[in-house]
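Quantities reported herein were computed from a predicted structural model and do not represent experimental measurements. Each chain gets a letter, A, B and so on, in the order its sequence line appears, and its residues count up from 1.
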Amino acid sequence: MSDAPPRVRFAPAPSGSLHVGGARTALFNWLYARRNGGTFVLRVEDTDADRVTDEAMRVLERSLHWLGLDWDEGPGVGGSRGPYRQTERFDVYRDAAGVLVEGGHAYRCYCTPEELEERRRQAKAADRAPGYDGRCRRLTDEERAAFEAEGRPWALRFAIPEGRSVEFDDLVKGPQHFDYEALRDFVIVRSDGSPTYLLASGVDDLRMGMTHVIRGEDLLPSTPRQLLMFEALGEPAPQYAHLPLILGPDRAKLSKRHGAVAVEWFREHGYLPDALVNYLALLGWSPGNNDEILPRAELVERFDLSAVSRHPAIFDIEKLAWMNGEYLRALSDEEVAAGMLTSLSEAGLVADLDTLRAIAPHVKERMKRLDEAPAMLRFLFSDDVALDEKAEAAVAKVGPDYLRRAADRVASVSPWTVEGITAALDEVAASADLNRSKGWQPVRAAVTGTTVSPPLPESLTLLGRDETVARLRAAAG
RNA sequence: GGUCCCAUCGUCUAGAGGCCCAGGACACCACCCUCUCAAGGUGGAGACACGGGUUCAAAUCCCGUUGGGACUACCA
């Protein structure tokens with residue numbers, strides 16, 4: 001282990017949106033860099049032109065920024081090891097491929113996709129391993145010349161050295177051992193001249209000076225291949241740490257089909273970035289005791305790769321929601337008000353900051369997500385208070401006279417304060433021989449249109465006397 | 001099928017041989033608080049996959065079984 005500052009990277013393919021699995025990988029890399037005074041690099045693996053889009057690139061950057069995972073080198077910030085988009089680095093991969101060919105570690109494969117597919121199918125049918133059979137590696141000079149004369153397109157394959165096995169020590173999985181029989185000759189350059197992941201990602205990790213590669217466990221099988229490639233290139237390899245996967249409720253690798261998995265979705269649905277970061281950090285890592293609410297700074301201080309668990313974790317949105325509520329309650333009224341303003345306007349409601357600031361302490365402990373604000377506060381910012389079913393029932397229970405009396409009594413409250421309103425509501429309830437619970441509920445129903453709301457007197461002070469009286473009379477019919 | 005990874009409450013986990021007839025958190029249930037709903041408080045139910053070893057002693061070490069997952073592309 002060297003003690004030079006570590007260099008780590010997050011290397012996503014911008015196709016679609018950043019989902020929580022990717023975000024967690026980015027987070028662990030970021031935490032490792034921040035914890036150890038290292039450098040966090042963002043590298044864009046956009047070699048697959050068919051799947052990569054500009055929109056996905058924008059979403060990726062926005063998601064990362066929102067999460068607060070800032071990169072020291074990469075798109076937008078530059079750096080000395082750039083460029084950081086693989087489509088701008090094809091010459092680098094070509095050079096590396098050239099070295100491999102010259103050293104006899106890579107060869108041209110003339111098999112067509114159709115032939116490959118057919119042989120794969122046959123192998124499977126015969127219960128044999130479906131990987132590449134190495135046919136073009138054994139071509140005679142004549143056969144090769146014939147293919148060339150024919151103008152057959154070719155791809156470049158890496159030649160797995162025979163009789164070799166690969167050993168390496170994974171920082172989270174421990175000692176690993178792979179026999180060469182399990183490793184098939186893999187394509188490093190496609191017939192269109194573009195590099196594949198195995199080549200591009202591996203070469204970049206070398207050229208960009210990565211000391212540690214922290215990535216998902218789904219890439220564990222590609223590590224021995226890349227290690228063999230580095231050996232052929234004559235260059236030292238970085239250290240590897242493979243993170244256990246994040247699974248859906250069905251225990252399969254988390255993906256879009258599991259529903260809410262995109263970071264953008266959480267941003268749009270009233271989740272706080274700090275809460276998501278905190279939750280994700282706990283998915284596959286634990287500080288070693290029972291602490292769970294760990295602010296970013298503490299995460300950085302306590303993060304330790306060797307404490308990463310080896311088994312996969314199921315993403316539990318319920319627990320995330322709980323944690324989000326915890327973070328919401330820790331926010332200042334000002335911050336909560338600002339957050340609610342946004343979600344309210346997205347719901348088409350025009351609110352003002354002063355009112356929101358005043359109601360914030362009463363609603364933040366009843367919310368788990370900021371986007372619950374519209375449902376909770378609609379009555380304050382909309383004249384439309386059509387009573388829902390339960391509200392109708394609550395009103396019917398006491399009858400119109402009760403509401404008229406309440407309106408009359410409330411109309412005389414002065415000054416319009418929480419204390420004054422409370423006294424008035426209590427009086428009205430007492431006059432009908434009702435306790436607060438039974439006496440206030442019809443008022444809540446008439447004024448808010450629902451049977452659930454922030455504390456009533458506090459809500460009414462903000463609604464205003466005239467509007468309160470008007471709604472009581474309206475409900476009385 | 002092959003290769004590899006993994007295995008503590010429903011879920012996330014603590015546990016690195018005796019401190020564990022297994023602790024915390026989410027969710028769930030009950031009670032308390034209470035103007036509704038929450039939040040908060042108290043209590044409850046709930047797990048070491050199974051079988052063999054090793055050891056005075058195993059959730060912890062070894063082997064096997066079972067179960068789950070990943071990979072097996074000219075995707076990353």
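Between B:G15 and B:A7, the distance separating the two C1' atoms is 15 Å to the nearest Å. One P atom belongs to B:U60, the other to B:C9, and the distance between them is 14 Å to the nearest Å. Across B:U55 and B:U65, the matching C1' atoms stand 23 Å from one another, rounded to whole Å. Taking the C1' atom of each, B:C33 and B:U13 are spaced 31 Å apart, rounded to whole Å. B:U8 and B:A25: their C1' atoms are spaced 15 Å apart (whole Å). A distance of about 32 Å separates the C1' atoms of B:G2 and B:A59, rounded to the whole Å. Straight-line distance between the P atoms of B:G67 and B:C28: roughly 33 Å, to the nearest whole Å.
Between A:K253 and B:C6 there is no side-chain N or O to OP1 or OP2 distance below 4.0 Å. Residue A:T451 places none of its side-chain N or O atoms closer than 4.0 Å to OP1 or OP2 of B:C37. Taking 4.0 angstrom as the limit, A:Q176 places none of its side-chain polar atoms (N or O) nearer than this to OP1 or OP2 of B:C4. Regarding contacts with the backbone of B:A76, a side-chain N or O of A:T47 is found under 4.0 angstrom from either OP1 or OP2. Distances shown here put every side-chain N or O of A:R184 at or beyond 4.0 Å from the OP1 or OP2 atom of B:A73. A:R157 has a side-chain polar atom (N or O) that falls below the 4.0 Å cut-off from OP1 or OP2 of B:C74. Within the structure, a side-chain polar atom (N or O) of A:W322 is placed less than 4.0 Å from OP1 or OP2 of B:C26.
Counted by atom type alone, A:R444 and A:Q441 present one or more donor-acceptor pairs between their side chains at under 3.5 Å. Between A:R409 and A:S431, the side chains place no donor N or O within less than 3.5 Å of an acceptor N or O (distance only, hydrogens not considered).
Within 4.0 Å of A:L245, counting heavy atoms only, lie sugar-phosphate atoms of the nucleic acid but no base atom. Residue A:K364 is out of contact with every strand shown, counting any heavy-atom pair closer than 4.0 Å. Residue-level contact check: A:L116 touches the bases, meaning some heavy atom is under 4.0 Å from a base atom. Heavy atoms of A:L198 sit nowhere under 4.0 angstrom from any nucleic acid atom. A:G288 comes within contact range of the sugar-phosphate backbone alone, with a heavy-atom separation under 4.0 Å but no base atom that close. Residue A:G439 is classed as having no contact, given no heavy-atom separation below 4.0 Å to the nucleic acid. Nucleic acid contact class of A:S309 (heavy atoms, under 4.0 Å, all strands): sugar-phosphate only. No contact: A:E372 has no heavy atom under 4.0 Å from any strand.
Side chain A:R444 to base B:C35: a donor-acceptor pair is found below 3.5 Å. Put simply, the side chain of A:R366 and the base of B:U36 share a donor and an acceptor less than 3.5 Å apart. Side-chain N/O atoms of A:S437 and base N/O atoms of B:C35 include no donor-acceptor pair closer than 3.5 Å.
Of the candidates B:C74, B:C35, B:A76, B:C74 carries the atom nearest the A:S191 side chain, counting heavy atoms from C-beta on. Residue A:F178 has its side chain nearest to B:U3 when only B:A76, B:C74, B:U3 are considered. Closest to the side chain of A:H311, out of B:A76, B:C74, B:A7, is B:A7. Nearest nucleotide to the A:E292 side chain, out of B:G24, B:U36, B:C71: B:G24. Among B:A76, B:A14, B:G23, the nucleotide with an atom closest to any side-chain atom of A:N290 is B:G23. Counting only heavy atoms from C-beta on, A:R51 has its side chain closest to B:A76 among B:U13, B:A76, B:U36. Looking at the side chain of A:L220, the nearest of the listed nucleotides B:C35, B:C4, B:A76 is B:C4. Candidate nucleotides B:C74, B:A27, B:U11 were compared by shortest atom distance to the side chain of A:R251, and B:U11 ranks first. The side chain of A:S453 lies closest to B:U36 when the candidates are B:G40, B:U36, B:A73. Listed nucleotides: B:A7, B:A73, B:A14. Nearest to the side chain of A:R310: B:A7.
A salt bridge is defined here as a Lys NZ or Arg NE, NH1 or NH2 lying under 4.0 Å from an Asp or Glu carboxylate O, and A:R43 with A:E45 meets this definition. Of the charged side-chain nitrogens involved, none lies within less than 4.0 Å of a carboxylate oxygen, so that A:R157 and A:D185 do not count as a salt-bridged pair.
A centroid separation of less than 6.0 Å is found between the aromatic rings of A:F28 and A:F303.
Both tests do not hold together for A:R329 against A:Y327: distance to the six-membered ring centre under 6.0 Å, angle to the ring axis within 45°.
Look at B:U65: its Watson-Crick or wobble partner, with both distances under 3.5 angstrom, is B:A49. Under the Watson-Crick or G-U wobble criterion, with both distances below 3.5 Å, B:U42 is paired with B:A30.
In this structure, A:L227 atom CG and B:C4 atom P are separated by 16 Å, rounded to whole Å.
Remark: the backbone N or O of A:P238 is not paired with any side-chain donor or acceptor of A:D205 at under 3.5 angstrom.
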